[in-house]
Amino acid sequence: KLGMLGDVDKEYEKKRISNLKKKYKEDVDRIISSYRSGYLPDERKEIEKRFKRGEIKCLISTNAMEVGVDIGKLDAVICTTYPGSLMSLFQQVGRAGRSKDLSITTVMLWDSPIERYFEEHPEYFTSGSVEHAVINGDNEHVLIDHLLCASKELPIREVDNELIHPLTVKFAEVLCDVGYLKKTAGGYIYTDIEDPIVNVNLSGGCKSEYVIISPQEGVLEKIDHIHAMSEAHEGAVFLHNGDKYLITRWDEENSVIYAKKDNTLKQITQPIINYKISDLKPSLIKECGVGIVNYGDLIVSQGIDKYYLIYYGTKVDDAKEIPNPPPSFKYETKGFWIYIPDNVMMDEIFNRDEDNKRIMAGVKGVVNVIHSLIPLKILCDKMDVGVSELWGNFGCGFGYYLIFWDTYEGGSGVCEKSWECIQELIRDGYDLIKNCNCDEGCMSCVKSWGRDEDVNKYMAKKILYHLIKTI
C-alpha cells in the first residue's frame, strides 16, 4: 500500500527513517524515501517516478508534495502536524482517496495555540471557511517575478496597465534594459533561455542563493540566504535525504556552503536568530483598548551568531558561538505594531506594582499568542510573519512595542489583513489564555518554539484584557 507522511520536521527526518529500518527487515531504503523542495530537480523527479510506479511505498515529505505533483492511488496520508492553513490541509489530505478504494487520513495535533483551538473545535475542519488569501500587488518584487512568468505565456501590452497593474509597461521596459524581455510590434516578449518560474520564490522574497556541497557526494541542495542562515550556518547539523551533514565552512564570495557527511552525530542544532527593527513609519492607525495599532513600513535586519546543540531526549547544551557568522540579511517590508505608552502600562494596567522585566515577559506572551492565531484568519504560514517586542521610543513615543512584520521583502499583505482584524485576534488570544488550564503558561497558550523563555501568562492575560476592554 502507498502512503505519504506530510509536513514532517526536517530535523526528525533521519530519526523516523531509522526507526522504520529497525522495525522492518526488508530493504527499507528501497521502499521508504524522504522528499523536500531543496533536493535537486533530477533527484526530486526520480523520487516522484518511483513513488508513482509503486516502488516507494512510503514517502516522508514536507509540504513540497502539497501542490504541483500528480501522484494518484494513495491509500493513506498522515499529517504529523497542522500544516498552517485549512487550504494546505485539504491539499495534503486530498492526495489520498482519488481512486475508488477507501482511504484514511490522520491529522496529529501538537500543543500550539492554533492546534489546541482545533482540538476544542474539531468541527472547524469541516464547517469552517478557508482563510483569507492576501497578496500585496504593489510589491515590485512580487510584480516583476509574475510579469516575467506572464510574458513567457503572452506578450505584455499597453492594455495590461489596466488588466494587471498601472506600472506593468514601465516594469516591462526595465526588464528590457536588463535583457529579460524584448519589445516587438506585438508587445514585450520573454527572451531568456531559463524558464522564469524556476526563479519565482512563492514563500519569501530573498533571491540570493547558496549551493550546499559535500566532498563525498557533490552538490546536495540549493538554499536561499534566509534559510541558509538558520539551517546551514557553520556548526549546524544539516539533514539531506535522511543523512546528517556537519556544516564546516561558508564561501560567501562564491555562494558555496561546505558540508561533511557524518551519520554518527547524535544532535541537531537550533539557531538563535537576532532581529533589529528600525524606521517604523505608520500609514494606518487605530485605537484598540489602551493601545494604538499602527500599520506601515519598517526595516528588518536579521542575523545569527549563536546556536543550541540539542540531543535526542532532553539534553540541551549552552549556546555556542558561530566562529564565522553568516552575513546578516536586511530588508524593507510592511508590518503592524501595537504601541502601549509607558505611563498607560504602569498606571492603568499594573498600578506601578510590577517591574519592567515581568511586564516584558507579559508583552512577549501577548506577541506569541497573537502570532500563533494569525494563520487562523489569513492564508499564511506562521513563518510568514516575524515578531519582536521592544521597550523604548521607536517613533510613537516612549513605551512598549509589540511588532509583527511580513517576512517577504516589500510586504506580502498578511500584516495588512492582520491589522484589519486585530480586534478578533486579541479577543481570541484572550479567550485562549483564559481557558487554558496551565498555571504559569505553556506551549498551548503564551509560549512558542524558540520563544518559550521569560514568558508570563498572568501578565499577558492582564495586558490582553486591557486591549479589549473598550472594543
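Note that the coordinates shown come from a computational prediction; the quantities given were computed from them, not determined experimentally. Numbering starts at 1 and runs along the sequence shown.
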Under 4.0 Å between a side-chain nitrogen and a carboxylate oxygen: does that hold for [X] and [Y]?
| X | Y | answer |
| --- | --- | --- |
| Asp454 | Lys357 | no |
| Arg451 | Glu389 | yes |
| Glu453 | Lys447 | no |
| Lys334 | Asp297 | yes |
| Arg427 | Glu424 | no |

Nearest atoms (heavy-atom pairs only) where Ile212 meets Ala232: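 Shortest heavy-atom contact: CD1-CB, 4.2 Å.
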
Under the 3.5 angstrom rule, does the side chain of [X] hit a backbone N or O of [Y] as a donor-acceptor pair?
| X | Y | result |
| --- | --- | --- |
| Asp381 | Met383 | yes |
| Lys461 | Val366 | no |
| Asn435 | Asp431 | yes |
| Lys457 | Cys436 | yes |
| Ser151 | Leu147 | yes |
| Asp160 | Thr168 | no |
| His240 | Tyr245 | no |
| Thr269 | Val237 | yes |
| Lys306 | Ala319 | no |
| Asn294 | Ser283 | no |

Side chain to side chain contact (heavy atoms under 4.5 Å, CB included) assessment of Ile299 paired with Lys330: CA-CA 7 Å; Ile299 296 177; Lys330 188 175 182 179; 3.5 Å; yes

Working for salt bridge (Lys or Arg N to Asp or Glu O under 4.0 Å), residues Glu173 and Lys170: CA-CA 5 Å; Glu173 291 174 353; Lys170 179 181 178 180; over 6 Å; no

Can you find a pair of side-chain heavy atoms, one from [X] and one from [Y], that are under 4.5 Å apart?
| X | Y | result |
| --- | --- | --- |
| Cys445 | Ile433 | yes |
| Leu284 | Trp419 | yes |
| Ser103 | Leu74 | no |
| Leu175 | Ile156 | no |
| Asp384 | Tyr408 | no |
| Tyr400 | Met360 | yes |
| Tyr331 | Ser301 | no |

How far does [atom1] of [X] sit from [atom2] of [Y], to the nearest 0.5 angstrom?
| X | Y | atom1 | atom2 | result |
| --- | --- | --- | --- | --- |
| Trp250 | His233 | CH2 | NE2 | 9.5 Å |
| Glu234 | Leu246 | CD | CG | 10.0 Å |
| Asn356 | Met345 | CG | CE | 9.0 Å |
| Ile426 | Leu467 | CD1 | CG | 5.0 Å |
| Glu115 | Ser372 | CD | OG | 10.0 Å |
| Cys149 | Ile144 | SG | CD1 | 12.5 Å |

Residue that, paired with Phe336, satisfies ring pair (Phe, Tyr, Trp, His ring centres under 6.0 Å) out of Phe404, Tyr401, Tyr295: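 So, applying the ring pair (Phe, Tyr, Trp, His ring centres under 6.0 Å) to Phe336 and each of Phe404, Tyr401, Tyr295, only Phe404 qualifies.
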
Aromatic ring pairing Trp391/Phe398, orientation class (parallel under 30°, perpendicular over 60°, tilted between):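 The rings of Trp391 and Phe398 stand perpendicular, inter-plane angle above 60°.
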
Aromatic ring pairing His225/Tyr210, orientation class (parallel under 30°, perpendicular over 60°, tilted between):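 Perpendicular.
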
Test side chain to side chain contact (heavy atoms under 4.5 Å, CB included) applied to Thr106 and Cys79, step by step: CA-CA 6 Å; Thr106 302; Cys79 295; over 6 Å; no

Greater than 12 external heavy atoms within 6.0 Å of Asn437's CG: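 Atom CG in Asn437 is not crowded, with 12 or fewer foreign heavy atoms closer than 6.0 Å.
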
Residues, nucleotides or ligands: over 12 heavy atoms within 6.0 Å of Lys276 NZ: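 Count not over threshold, so no.
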
Aromatic Phe238 / basic Arg36 pairing, under 6.0 angstrom, 45° off normal: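 Yes - Arg36 lies over the ring of Phe238, closer than 6.0 Å to its centre and within 45° of its axis.
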
Stepwise side chain to side chain contact (heavy atoms under 4.5 Å, CB included) test for Asp342 and Met346: CA-CA 6 Å; Asp342 185 74; Met346 297 302 293; 4.1 Å; yes

Pair His227, Asp224: side-chain N/O donor-acceptor within cut-off below 3.5 Å: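 The criterion, which ignores hydrogens and geometry beyond distance, is satisfied for Asp224 and His227.
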
